[in-house]
Number of protein chains: 2
Amino acid sequence: MSAQEVAERAGVSRSAVSRTFTPGASVSADTRRRVLEAAEALGYHVNHLARGLMRNESGIVCLIVSDVATPYRSALLRELTIQLQNAGKVAMFVNTDRSDGSVDRALQQAIRYRADASIILSGLPDKSITQLCLRSGQRLVLINRDDDQPGTLKINLDDYESGGRIATAFVRAGCRTLAFANSEARTPSLMGRERGFIAAAETLGLEVVVERYGSTGYEAGRVLAQRMLTRAERPDGVFCATDLLACGFMDAARHQFGLSIPDQLCVAGFDDIEQASWSSFDLTTFAQPVTAIASQAVKWLAGGREDEPEEAHSITLKAELIWRGSIRKG
Amino acid sequence: MSAQEVAERAGVSRSAVSRTFTPGASVSADTRRRVLEAAEALGYHVNHLARGLMRNESGIVCLIVSDVATPYRSALLRELTIQLQNAGKVAMFVNTDRSDGSVDRALQQAIRYRADASIILSGLPDKSITQLCLRSGQRLVLINRDDDQPGTLKINLDDYESGGRIATAFVRAGCRTLAFANSEARTPSLMGRERGFIAAAETLGLEVVVERYGSTGYEAGRVLAQRMLTRAERPDGVFCATDLLACGFMDAARHQFGLSIPDQLCVAGFDDIEQASWSSFDLTTFAQPVTAIASQAVKWLAGGREDEPEEAHSITLKAELIWRGSIRKG
DNA sequence: TTGTACGCGTTATCAA
DNA sequence: TTGATAACGCGTACAA
């Protein structure tokens with residue numbers, strides 16, 4: 001089922017077949033019809049491997065992800081794949097969940113398949129590898145990772161400012177003892193939230209207890225609650241670096257410590273995962289603008305490569321505060 | 001950065017380069033070393049587009065999915081991508097979240113990229129398209145969808161039997177009024193659970209109230225609770241077709257109806273999503289054997305195409321009952 | 001073991 | 001508008 005066979009059956013040349021399937025090429029209506037008929041009968045589909053080889057443009061965009069099964073990650077993934085498809089691209093998926101250095105191997109995979117671009121949602125690749133990507137004409141998008149590579153697009157959120165906004169909200173709610181529950185990951189975005197929260201609290205005349213443990217998941221949230229809620233001076237306003245941490249924290253606070261939220265304890269999170277809106281949590285949190293993130297990434301990828309020759313392009317998006325019932329009304 | 005350039009730099013022929021990167025080809029140690037050096041210096045990577053063209057085997061496996069952001073789907077996706085990578089394949093991702101007939105377009109995408117196989121996690125393709133896939137040498141795996149195509153692998157669970165097992169558990173817990181909360185989707189797997197549950201309940205001398213509404217998500221679970229818990233004879237043992245339905249159901253039962261679980265109401269779900277183990281839910285449920293599903297799929301894909309020429313291969317896996325606190329101990 | 005020559009399916013170029 | 005031909009980067013049969 002190659003163009004050759006379609007051409008023979010339609011009684012035209014191979015070029016005519018190729019033109020029929022190339023948007024904007026000049027074919028007579030009659031030729032076109034006969035080609036399409038023959039293609040339909042034979043079940044012919046253009047071979048994108050060969051097309052990519054010729055055009056030096058595969059149409060493939062590589063998504064490099066870890067922790068796919070996490071609510072926030074899968075939501076972002078969903079948005080990215082949809083928008084990539086709308087832009088005529090196809091998503092290749094590399095899961096970096098296990099060993100270290102796997103981001104580098106993932107990028108090599110992308111290079112081997114001549115991906116037009118790679119979008120990195122987690123982990124940080126070695127400089128030498130990213131350089132290799134750029135040299136081989138691949139575009140690079142880094143989401144929520146802080147790196148300064150020329151020729152890449154960085155998309156970040158206003159983590160620091162968000163930390164400040166939620167500190168103000170806690171104070172308005174009458175909280176006296178603030179705390180920040182973080183993971184040990186020390187990702188720039190997580191640390192940004194922490195620093196912004198602390199800075200704003202200091203301005204408001206309050207100190208912040210910081211505790212860091214494990215990953216950014218539910219279980220770590222439980223452990224953090226056990227550590228923080230047994231302190232002599234128990235916090236009454238806790239900002240968790242992610243919603244999953246917040247869910248674990250709230251569950252432990254309620255079921256193990258018998259605390260009432262928001263009466264005895266105010267909690268906030270970050271990401272606005274679906275579970276945050278469930279009535280068991282009803283969590284006040286910041287929404288990651290996943291749609292905007294994806295559209296910015298795709299727009300940049302689809303755009304010509306001429307405009308930004310060497311500079312690193314950086315975009316900062318605003319996280320929207322979603323007000324729910326886990327913080328008392330001021 | 002083609003094999004040609006590497007060959008020139010290494011002072012060997014292009015074939016020598018090709019052989020160096022072909023496992024099991026015969027190259028002298030010296031030639032091999034010089035080729036690898038040159039390749040490293042030039043940042044050369046084999047072009048898998050061209051290799052796929054030659055070998056008539058792209059190494060690409062297409063994952064066709066909708067509702068990616070759903071906990072169960074993303075967990076299965078995670079497992080599949082990991083195991084595919086371990087088997088030396090690469091995952092291509094097609095999201096069918098929007099219009100109808102998009103599964104067919106997804107499969108066409110797979111054909112265009114000459115995917116070695118497609119794994120369908122949701123939706124059901126048209127017969128003509130699957131035939132086209134098979135004719136073009138593509139292997140097809142259907143997970144939890146009931147279809148009878150020769151040459152495909154079907155992986156299903158013992159949904160019917162699971163429904164029966166949980167009915168017994170409810171009766172042992174002393175439940176008198178059973179109910180089944182389902183979505184309107186009428187998927188074979190969902191209907192299997194429903195029928196098995198009803199059949200077993202009848203055997204035990206109990207009738208089952210069945211209600212179907214919306215999708216398989218949290219919100220539908222809330223609505224179902226509102227409908228079922230306002231009935232004259234309120235159910236005291238509810239099997240929800242999925243964990244997400246169960247979460248919505250439990251939240252509504254507790255926060256809107258003030259019911260205590262499992263004292264006044266026993267609930268069970270299906271999938272064993274991460275949230276089922278959270279202490280807010282502590283949900284008794286059936287675990288989808290995602291690891292086994294993925295490994296069966298990958299094993300079949302990796303296996304030679306000789307063994308099962310025309311027959312449809314079907315595998316039924318067992319869902320494991322995960323006992324938690326949402327059902328009283330008998 | 002090594003190199004030469006050809007074909008994989010496509011698009012781009014050019015002459016008709 | 002159409003068809004012949006070259007080229008994309010690779011694997012491999014074949015001859016050396």
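Note on naming: letters A, B, ... go to the chains in the order of the sequence lines (proteins, then strands), and numbering restarts at 1 for each one. From a predicted model like this one, the values you see are computed outputs, not experimental measurements.
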Is Ser15(A) near enough to dG3(D) that one of its side-chain N or O atoms lies under 4.0 angstrom from OP1 or OP2? no
Is there a donor-acceptor contact under 3.5 Å linking the side chains of Ser28(B) and Asp30(B)? no
Please determine if a side-chain N or O atom of Ser18(A) lies less than 4.0 Å away from the OP1 or OP2 oxygen of dG9(C). no
Confirm from the modelled atom types if Arg19(B) and dG3(C) form a donor-acceptor pair under 3.5 Å, side chain to base only. yes
Using the side-chain heavy atoms of Ser28(B), tell me which of these nucleotides is nearest: dG9(D), dT1(C), dT4(C). dT1(C)
Side-chain N or O of Ser26(B) less than 4.0 angstrom from OP1 or OP2 on dT1(C)? yes
Minimum heavy-atom distance Ala69(B)-Arg78(A), with the two atoms named: CB-CD, 4.0 Å
Rounded to whole angstrom units, what separation is found between the OH atom of Tyr113(B) and the P atom of dG9(C)? 18 Å
Atom-to-atom span, CG of Leu49(A) to C1' of dG7(C) - whole angstrom: 16 Å
Tell me: CD of Glu5(A) to P of dG9(C), nearest whole Å? 8 Å
Using whole Å, report how far CZ of Arg114(A) lies from C1' of dT10(C). 17 Å
With a 4.5 Å cut-off on side-chain heavy atoms, are Arg32(B) and Thr20(B) touching? yes
Distance below 4.0 Å between Arg51(B) side-chain N/O and dC10(D) OP1 or OP2: no
Which listed nucleotide (dG3(D), dT4(C), dG9(C)) is nearest to the side chain of Val12(A)? dG3(D)
Any donor-acceptor pair, under 3.5 Å, between the side chain of Arg14(A) and the base of dT10(C), if you only look at N and O atoms? yes
In whole Å, what is the span from the CG atom of Asn56(B) to the P atom of dG7(C)? 17 Å
5'-most by nearest nucleotide on DNA chain C - Arg55(A) or Val27(B): Val27(B)
Rounded to the Å, how far apart are Arg34(B) CZ and dT1(C) P? 16 Å
Picking from dT2(D), dT11(C), dG11(D), the nucleotide nearest the side-chain atoms of Thr22(A) would be dT11(C)
Sugar-phosphate only, base, or nothing, as touched by Tyr44(B) at under 4.0 Å among non-hydrogen atoms: sugar-phosphate
Nearest of dT10(C), dG7(C), dG9(D) to any side-chain atom of Met54(B)? dG7(C)
Of the nucleotides dA12(C), dG11(D), dG9(D), which has the atom closest to the Val46(B) side chain? dG11(D)
Assign the ring pair Phe93(A) / Phe93(B) to parallel, tilted or perpendicular, where the plane angle (0 to 90°) is split at 30° and 60°. parallel
Counting only heavy atoms from other residues, nucleotides and ligands, does the tally under 6.0 Å from CG of Asp126(B) exceed 12? yes
In whole angstroms, the gap separating C1' of dC10(D) from CG of Leu53(A) amounts to 8 Å
Can you check the His48(B) NE2 to dC8(D) C1' distance for me, whole Å? 17 Å
Flag the pair Ser58(B) / Leu49(A) as yes when at least one side-chain heavy-atom distance between them is below 4.5 Å, and no otherwise. yes
Name the residue closer to the 5' end of DNA chain C, choosing between Asn47(A) and Ala16(B) according to the nucleotide with the nearest heavy atom. Ala16(B)
